[in-house]
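Please read all numbers here as calculations on a predicted model, not as lab measurements. Numbers restart at 1 for each chain; the letters A, B, ... are given by sequence-line order, proteins then strands.
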Amino acid sequence: MIREVRNRIKEILQNAIDTAVQSGDLPHVNTPDIPFSPTKAPEHGDIASPIALSLAKTAKTSPRKIAESITRHIHLEESSLIRKVEVAGPGFINIYLSKIWVYNVLKTIKEAGANFGHSNHGAGLRVQVEFVSANPTGPINIVSGRAAAVGDALVNLLHAVGYEAVREYYVNDAGGQVDNLGASIDVRYRELLGQGGLKIPDGGYHGTYLIDLAQSIVDEDGDKFLRFDDTDRGTIFRDLGIERLLGTQKATLERFGVHFDTWSSEKALRVSGKPDEIIEVFRQRGYLYEADGATWFRMTDFGDTKDCVVIKSDGEYTYFVPDAAYHRDKFERGFDKAIDLLGPDHQGHVEHLKHLVEALGLGDDWLEVWIIQQVNLIDSEGNRIEMSKRSGQFYTLDALIDELAEAVDDRFAVDVARYFFLMRSNTSHLDFDLQLAVTQANENPVFYVQYAHARCCSIFREMESQGIVQTEIGEAQSELISDPESLQLIRHLAEYPEVVLNSAEKREPHRLTHYLYELAGLFHGFYNEHRVLDPSNANLTQVRLMLVGGVQTVLRNGLSLLGISAPESM
RNA sequence: GUGCCUGUAGCUCAGCUGGAUAGAGCGUCAGCCUCCGGAGCUGAAGGCCGGGCGUUCGAAUCGCCCCAGGCACACCA
């Protein structure tokens with residue numbers, strides 16, 4: 001429902017409730033914000049309100065009676081917007097709008113254009129979204145790919161509804177993981193130079209990409225690193241590995257169309273001394289104690305089952321310290337809210353993170369942490385490949401895009417991947433059926449949506465070639481739209497702004513994906529049933545062109561928020 | 001063992017703050033182009049919404065208890 005119409009109807013219903021209460025027709029009740037629900041069938045009007053249903057509890061009357069009292073006090077002459085109201089089902093107030101609303105919707109879309117669906121709901125609040133943040137120890141896999149698609153779309157959505165949102169990637173370029181990387185590269189390096197009996201260390205990385213990396217070192221510098229002792233060589237290979245692998249990750253994400261505003265380095269953070277400050281703060285607040293040669297954080301003070309080590313007996317910080325420092329740093333940079341999208345392997349960390357932030361006194365709802373669930377790939381032989389960074393078994397985002405590019409047009413490979421990642425709710429484990437995506441690419445839902453857009457464009461091209469010029473239409477002409485398919489489309493178009501808002505506020509871009517799919521379906525149905533360019537009826541042609549323009553605008557806006565292209569032809 | 005996620009049509013999944021006959025794609029079956037793009041459309045078949053109890057006028061949705069699958073539970077990140 002577009003805002004103006006919604007507010008007007010709200011007013012009318014509120015007035016009706018007030019007069020009903022004044023006249024004693026309705027017991028005195030506190031009315032909540034009047035809810036609306038889109039109607040599923042034309043017999044239910046253009047919009048419905050379940051307000052009577054929600055009042056029933058406190059009013060201690062049956063919902064139907066309440067609905068009848070309310071509707072009795074609606075004076076239709078008050079507003080030319082509402083044509084008819086009806087009480088239906090358990091107590092829904094079904095509202096039928098007069099034809100002027102068709103005009104309102106189409107005109108609103110046309111005037112807003114690329115901004116239709118946007119709002120200033122967020123009031124410029126600064127939101128930082130951190131996502132992907134994969135360790136720089138390997139290529140971006142499809143689990144991170146999913147997070148990349150979701151995070152990117154989420155930032156777009158937040159922007160659309162008035163937040164000042166930014167994308168950030170936290171590079172874990174310090175700590176034990178990257179030391180393991182260096183040691184793993186070292187093993188590969190020495191293996192390539194003929195040393196036998198070597199083993200990838202515990203916690204190291206087994207992926208074959210490190211053989212390639214080591215080979216490139218051998219190609220460039222031969223065996224010159226053998227001169228160094230193991231520790232120095234590990235350090236050299238660590239830094240070199242981070243640089244190369246991070247470069248690979250950046251390239252992949254660019255290719256995937258995700259552009260981060262900020263790349264934060266854990267190493268730089270550690271050098272800054274901020275982790276030390278965190279320890280000071282925690283110590284002052286009494287959250288720390290010493291035991292077994294280590295320093296522990298009282299996670300149990302925050303309801304956790306056990307305390308956590310923050311300084312190991314070797315004097316090194318565990319990841320809790322830089323993580324806490326990093327989040328405080330976000331806060332100090334002035335973000336009103338931080339949203340972390342974490343991978344499924346960090347589930348246990350979610351609560352810890354919130355507790356650390358709480359211990360820093362950053363406020364309860366300042367940090368939001370969401371798990372973007374795992375992705376399994378069904379490969380072209382039908383084998384299920386479970387993603388696990390630690391086992392060294394993974395399917396890279398690059399490989400996925402390559403495979404899609406080969407099967408479908410190059411220019412749509414990224415679109416298909418992003419769409420698939422954005423089809424499911426974040427909490428749902430996703431089976432990416434490559435076999436299906438590849439062999440049935442032509443029936444892919446992303447093409448279904450894109451095709452609807454291309455079809456709109458095609459109609460306008462045809463319009464031009466027939467020498468038809470689009471004119472301003474007036475309210476009178478808009479009344480020519482009376483067929484069910486068109487009205488259904490109008491109703492759906494009018495929902496768009498709310499879908500955008502809900503997708504952003506619930507952090508669930510998949511809602512928009514589903515909406516667009518439905519819109520495409522309604523449009524294909526409309527198209528099949530009606531001729532837009534009707535030589536025998538110039539007025540109808542004009543109003544239908546405006547409708548097609550509305551569909552085109554919404555499809556384009558929506559796809560753009562998802563980071564998916566809206567092709568003019570396919 | 002503890003925590004998180006999931007369980008809806010043969011398969012993969014939607015189902016918004018509880019609300020009207022539980023939806024879609026794929027698959028199966030049957031149809032639609034003298035006409036703006038058939039990557040489309042129409043129809044049919046297919047469901048004790050994992051199970052139970054509870055809250056409610058009303059539960060796929062909320063609460064509790066089970067069952068099943070996945071993941072996480074380091075002086076790793």
Side-chain angles (χ1 to χ4, degrees), chain A residues 32-33 35 37-41 43-44 48 50 53-54 56-57 61-64 88-92 94 133-135 137 172 174-180 202-203 266 292-296 304-306 308-314 316 318-320 322-323 344-351 371 373-374 376 378 386 388-390 423-431 433 436 440-445 447-448 450-452 454-455 457-463 465-466 498-499 502-503 506 508 510-511 513-514 517-518 520-521 523-525 527-534 548 569-570:
Chain A
D33 190 34
S37 57
T39 51
K40 287 175 194 157
E43 312 87 86
H44 295 151
L53 297 160
S54 39
K57 209 161 282 176
T61 322
S62 85
R64 271 202 81 99
F92 281 97
N94 289 340
S133 296
N135 287 343
T137 53
N172 296 113
Q177 298 294 332
V178 287
D179 290 338
N180 288 335
D202 284 348
E266 179 183 350
D292 305 326
T295 303
W296 297 70
D304 215 89
T305 48
K306 49 189 168 192
C308 298
V309 169
V310 285
I311 306 177
K312 297 190 272 181
S313 47
D314 66 3
E316 290 289 321
T318 61
Y319 62 95
F320 291 112
D323 262 17
D345 51 338
H346 289 73
Q347 268 166 25
H349 190 40
V350 175
E351 285 306 304
I371 297 289
Q373 273 296 346
Q374 64 191 87
N376 296 314
I378 314 294
E386 308 211 343
S388 166
K389 290 177 208 167
R390 311 274 157 84
M423 264 174 20
R424 308 285 157 73
S425 61
N426 303 336
T427 50
S428 162
H429 302 194
L430 184 152
D431 275 350
D433 192 337
L436 201 76
Q440 305 186 341
N442 287 353
E443 277 133 27
N444 229 310
F447 294 130
Y448 186 81
Q450 288 181 319
Y451 183 60
R455 206 170 220 182
C457 296
S458 162
I459 292 170
F460 284 111
R461 280 195 297 272
E462 180 63 21
M463 174 194 84
S465 75
Q466 289 185 16
E498 280 180 71
V499 172
N502 287 335
S503 303
K506 303 263 181 186
E508 292 181 342
H510 79 280
R511 291 169 186 250
T513 315
H514 281 272
Y517 188 83
E518 282 168 9
F523 177 68
H524 287 311
Y527 178 88
N528 216 257
E529 196 65 31
H530 305 285
R531 245 196 114 66
V532 176
L533 303 172
D534 184 348
V548 173
S569 65
M570 300 179 67

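Here the separation of B:G52 from B:C67, taken at their C1' atoms, is 10 Å to the nearest Å. Between B:G58 and B:G19, the two C1' atoms lie 7 Å apart (nearest whole Å). Here, B:G15 and B:C53 have their C1' atoms 25 Å apart, quoted to the whole Å. When the P atom is compared between B:G46 and B:A24, the two are found 14 Å apart, to the nearest whole Å. Remark: the separation of the C1' atoms in B:G69 and B:C33 is 47 Å, to the nearest Å. Nucleotides B:A20 and B:U61 have their P atoms positioned 13 Å apart, rounded to a whole Å. Nucleotides B:C29 and B:A39, compared at atom C1', are 22 Å apart to the nearest Å. Atom name C1', nucleotides B:G70 and B:G25: the rounded distance is 24 Å, in whole Å.
Proximity of A:Y448 to the phosphate of B:C41: a side-chain N or O atom is located under 4.0 Å from OP1 or OP2. The side chain of A:K312 contributes an N or O atom lying less than 4.0 Å from OP1 or OP2 of B:C76.
Residues A:Y517 and A:M423 are not in side-chain contact: their nearest non-hydrogen atoms beyond the backbone lie 4.5 Å or more apart. Using a 4.5 Å heavy-atom cutoff, the side chains of A:N180 and A:T137 are not in contact. Two residues are said to be in side-chain contact when any heavy atoms from C-beta on lie closer than 4.5 Å; A:P63 and A:P90 fail this criterion.
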Protein proximity profile, nucleotides 9-18 of chain B - base contact B, sugar-phosphate-only contact S, no contact -, cut-off 4.0 Å on heavy atoms: ---SSSSSBB
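Residue A:D534 is classed as having no contact, given no heavy-atom separation below 4.0 Å to the nucleic acid. Nucleic acid contact for A:D292: base, since at least one base atom lies under 4.0 Å from a heavy atom of the residue. Among the protein residues, A:Q466 comes within range of no part of the nucleic acid, since none of its heavy atoms lies under 4.0 Å from any strand. Backbone-only contact: A:P344 has heavy atoms under 4.0 Å from sugar-phosphate atoms and none from a base. Counting any heavy atom pair closer than 4.0 Å across all strands shown, A:A48 reaches a base atom. Within 4.0 Å (heavy atoms only), A:Q347 reaches at least one base atom of the nucleic acid. Nucleic acid contact class of A:Y527 (heavy atoms, under 4.0 Å, all strands): base.
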Pairing annotation in dot-bracket form, given for RNA chain B with Watson-Crick or G-U pairs under 3.5 Å and | for cross-strand partners: (((((((..((((.....[...)))).(((((.......))))).....(((((..]....))))))))))))....
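For the pair A:N444 CG and B:G40 P, the computed distance is 11 Å after rounding to whole Å. When rounded to the nearest whole Å, the span between OH of A:Y517 and P of B:A24 equals 10 Å. Taking atom OH of A:Y451 as the reference point, atom P of B:C36 lies 11 Å away to the nearest angstrom. One can place CZ of A:R461 at 11 Å from C1' of B:C36, the figure rounded to the nearest angstrom. Per the geometry, NE2 belonging to A:H524 stands 10 Å off P belonging to B:A39, to the nearest Å. Nucleotide B:U21 holds its P atom 8 Å from the NE2 atom of A:H44, rounded to whole Å. For A:Q374 and B:C71, the CD to C1' distance is 6 Å, given to the nearest whole Å. The interatomic distance linking A:N528 (CG) with B:C41 (P) rounds to 7 Å, in whole Å.
Within the 3.5 Å criterion, the main-chain N or O of A:H44 finds no donor-acceptor partner in the side chain of A:T39. A donor-acceptor distance shorter than 3.5 angstrom exists from the side chain of A:S503 to the backbone of A:V499, with no hydrogens or angles considered. At least one donor-acceptor pair closer than 3.5 Å links the side chain of A:R64 to the backbone N or O of A:G89.
Along RNA chain B, the nucleotide closest to A:W296 and the one closest to A:A88 are compared, and the more 5′ of them pairs with A:A88.
Out of B:A39, B:C75, B:G37, the shortest distance to the side chain of A:F447 is found at B:A39. In the set B:C35, B:U21, B:C75, the nucleotide with an atom closest to the side chain of A:R531 is B:C35. Among B:C36, B:G37, B:G19, the nucleotide with an atom closest to any side-chain atom of A:M570 is B:G37. Checking B:C71, B:C73, B:A77 against the side-chain heavy atoms of A:N172 singles out B:A77 as nearest.
For B:A20, its base sits under 3.5 Å from the side chain of A:N94 at one donor and acceptor pair at least. A donor and an acceptor atom sit less than 3.5 Å apart, one in the side chain of A:S313 and one in the base of B:C75. A:Q373 contributes no side-chain N or O that forms a donor-acceptor pair with the base of B:C5 under 3.5 Å. Residue A:H349 places no side-chain atom within donor-acceptor reach of the base of B:A77, judged by atom type and a 3.5 Å distance cut-off alone.
Environment of CG in A:D314: crowded, with over 12 heavy atoms of neighbouring residues, nucleotides or ligands closer than 6.0 Å.
Using cut-offs of 30° and 60° on the angle between ring planes, the pair A:Y527 and A:F523 is tilted.
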A:H510 and A:S428: CA distance, side-chain angles, deciding distance, side-chain contact (heavy atoms from CB on, under 4.5 Å) verdict: CA-CA 11 Å; A:H510 79 280; A:S428 162; over 6 Å; no
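Taking the syn range as angles within 90° of 0, the glycosidic angle of B:C57 is outside it, so the base is anti.
A:R424 approaches A:L430 most closely through the heavy-atom pair CG-CD1, 3.7 Å. Here the closest heavy-atom approach between residue A:M463 and residue A:L533 is recorded as N-CD1, 3.8 Å. Of all the heavy atoms in A:S313 and A:A294, the pair that sits closest is N-CB, 4.1 Å.
Residues meeting the salt bridge (charged side-chain N to carboxylate O under 4.0 Å, His left out) test with A:D304, sequence neighbours left out: none.
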